[in-house]
Amino acid sequence: MKQELEQLLRAALSRLAGSTLSQTPPVSAVVVERTREAQHGDFSSNVALRLAKAARKSPRELAAAIVAALPSNALVARAEVAGAGFINFYLTPAAYAGELESIHAHGARYGESALGARERVLVEFVSANPTGPLHVGHGRQAAYGATLANILAAVGYDVSREYYVNDAGRQMDILAVSAWVRYLELCGEELPFPENGYRGDYVRALAQDLKSAAAEASLRRPAAAVLAQLPADAPAGDKEAYIDALIARARELLGPAGFREVLELSLEAMLTDIREDLGEFGVTFDNWCSEHTLAASGAINHALAVLESQHRLYRKGGALWFRATEFGDEKDRVVVRENGQKTYFASDIAYHLNKRERGFSRLIDVLGADHHGYVARVRAGLAAMGQPPDCLEVPLIQFVSLYRGSEKIPMGKREAQFVTLRELRTEVGNDACRFFYLMRSHDQPLDFDLELAKSRSNENPVYYIQYAHARVASVMKQLAARGLAVDRAAGLAAAARLTESHEQAVLQTLTRYPEVLEQAAENRAPHALAHYLRELAHAFHTYYNAQVFIVEDAALRNARLALVLAVQQVVRNGLTLLGVSAPETM
RNA sequence: GUGCCCGUAGCUCAGGCGGAUAGAGCAUCGGCCUUCUAAGCCGAGGGUCGCAGGUUCGAGUCCUGCCGGGCACGCCA
């Protein structure tokens, strides 16, 4: 509807070009918006106000000329000049009837559009290190990324969802050695647990896995051999030096293959856990991209070669540096350390170059807010490798604080008592969990109240929306119980009977859905959809209380049922994008 | 110190490519179940949009400065 009105305005403007206007204004000047007040019509445009100065006319005068030049259209009952020079559009009943019909015709696909023009977008999200279970912060990133991807796909982007697995580097060694030490404990060895090791219970589970997998305790070594001549651990010594020495010792005692076995098994177990956790949460990926595999394929060397060919690298102090400052970063960055090791940054830019080379024109990285320093660096890297720097977008997801009522739950990785996503989902349920994560803007810190999310009351917005869906289902059951059936065609044909103010309000809200989806996609703002669904549910509940749907008059009854079924359809479509179920009963 | 995010009703937050009288939920107060699910609806009160300037026909929205809060600034991963 909105786009059609914009086209009408553009047509009017080009008719005026050469006379009233010196030239046809740019497409971006033509903006049509929903009105806030019913007395201002259904849609409104401020083009005349924007163009008045250039046209050397008063806004109202120009608006009148534009209105006079508007082609006639079946959607528009009348267009008039109002206020300072706004052009207000009043739609015909047929316009709404047509949109109602469209909802029924498109069903689950209503709201989809071609806005994205099949542009290939890679949405990378979660990408948590596989060194422990996901926590509530990852949950927010998962909900955001999955929903954003759903919405982008709905408006016509060719979307791929990816999880980047940081399975190379020291933190994997630390995980492996943590699991191994727990395994040795299980075998009956007595040795201290490293200060810098991973302490969570899941590491003990990994040790159990190791024990059942390792035939005849083949990975067991005497504690004395493990600990011989190791430096002191914290607090007396350096915990970093200690764990590195312990890793080296493990490699030495188990051999490269044995150590690799421990590492692989731990990694696989963690990834399986993460994959299942996310799967239960309704979050799936098209690709799990392994850093280790990427590095083994030569991607990092390739990226470094590209940088070298552009003369963006230099040596200083034995290390290889990238001239990031030439691309807007605050300092140059090391890509290969003095010891010959490539940095995490090197593999990061290699990964992003790889994304581009796989054919994705737009890269969206969903990251935690604490990663914001990383954005300028990676963008600099992309630019230096000849990629357009604005192809990378990084929505930063602010932190989640958990509350039980008014009491804040302390969190912190170090204390090993941080709340996992699984615990949260188990306690409040997947639906409430996803909705609560999504109802706040992602750049706003989130206070997640467990009591509220669990409450089955009017305080809880999830149920409010789901209830609207279930209520429609209930109406249909009542209908059947009275020996009646819906005649959708008859209802749509009688759409002109939907003249009550509540019916107009429901229609008006329903027809906004495609606009909401496009806006949510363009602003990367899934929460806009959550808010819209609450408004739609409100319009419906109000209507439900004000009017009886199952009336004697068959034409009116079918028209109302067609309207109410359309509400159910749009609620279901929206909830599906949010990853929230749409129940038939509550 | 430098950079990023944020500051809107008692509380939690929408509204941010400038647009007409700033909204919602919760909380508070008052109403509505013999009639399609009351997990619902209707009504009332509640605001210096952090502060000060600027840009213009028009600023919660854009610009500058300040105040306040959060986060980040490694040859860690």
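Naming: A, B, ... by sequence-line order, numbering from 1 per chain.
Base pairing analysis places rC66(B) opposite rG50(B); the two distances defining the Watson-Crick or G-U wobble pair are each below 3.5 Å. For rC71(B), the paired base is rG3(B) (Watson-Crick or G-U wobble, both distances below 3.5 Å).
Aromatic ring centroids of Phe345(A) and Tyr374(A) lie 6.0 Å or more apart.
Put simply, Phe86(A) rests on the base of rA20(B): the two rings are less than 5.5 Å apart at their centres and nearly parallel, under 30°. Once the 5.5 Å centre distance and the 30° plane angle are applied, the aromatic ring of His371(A) is found not to be stacked with the base of rA72(B).
The nearest heavy atom of RNA chain B to Val31(A) and to Asn88(A) marks one nucleotide each, and the one closer to the 5' end goes with Val31(A).
Contact annotation: Arg337(A) side-chain N/O to rA77(B) OP1/OP2 distance is under 4.0 Å. Contact annotation: His527(A) side-chain N/O to rA24(B) OP1/OP2 distance is not under 4.0 Å. Considering only side-chain N and O atoms, Arg36(A) lies nowhere under 4.0 angstrom from the phosphate OP1 or OP2 of rA22(B). In terms of phosphate contacts, Lys331(A) brings no side-chain nitrogen or oxygen within less than 4.0 Å of OP1 or OP2 of rC73(B). Checking the phosphate oxygens (OP1, OP2) of rG19(B), no side-chain nitrogen or oxygen of Ser44(A) falls inside 4.0 Å. A close approach under 4.0 Å does not occur between any side-chain nitrogen or oxygen of Arg534(A) and OP1 or OP2 of rA14(B). Side-chain N/O atoms of Gln444(A) include one lying less than 4.0 angstrom from OP1 or OP2 on rA14(B).
Among the heavy atoms of the strands, none lies under 4.0 Å from Gln341(A).
Comparing atom distances between the Asp447(A) side chain and each of rC13(B), rG40(B), rC71(B) picks out rC13(B) as nearest.
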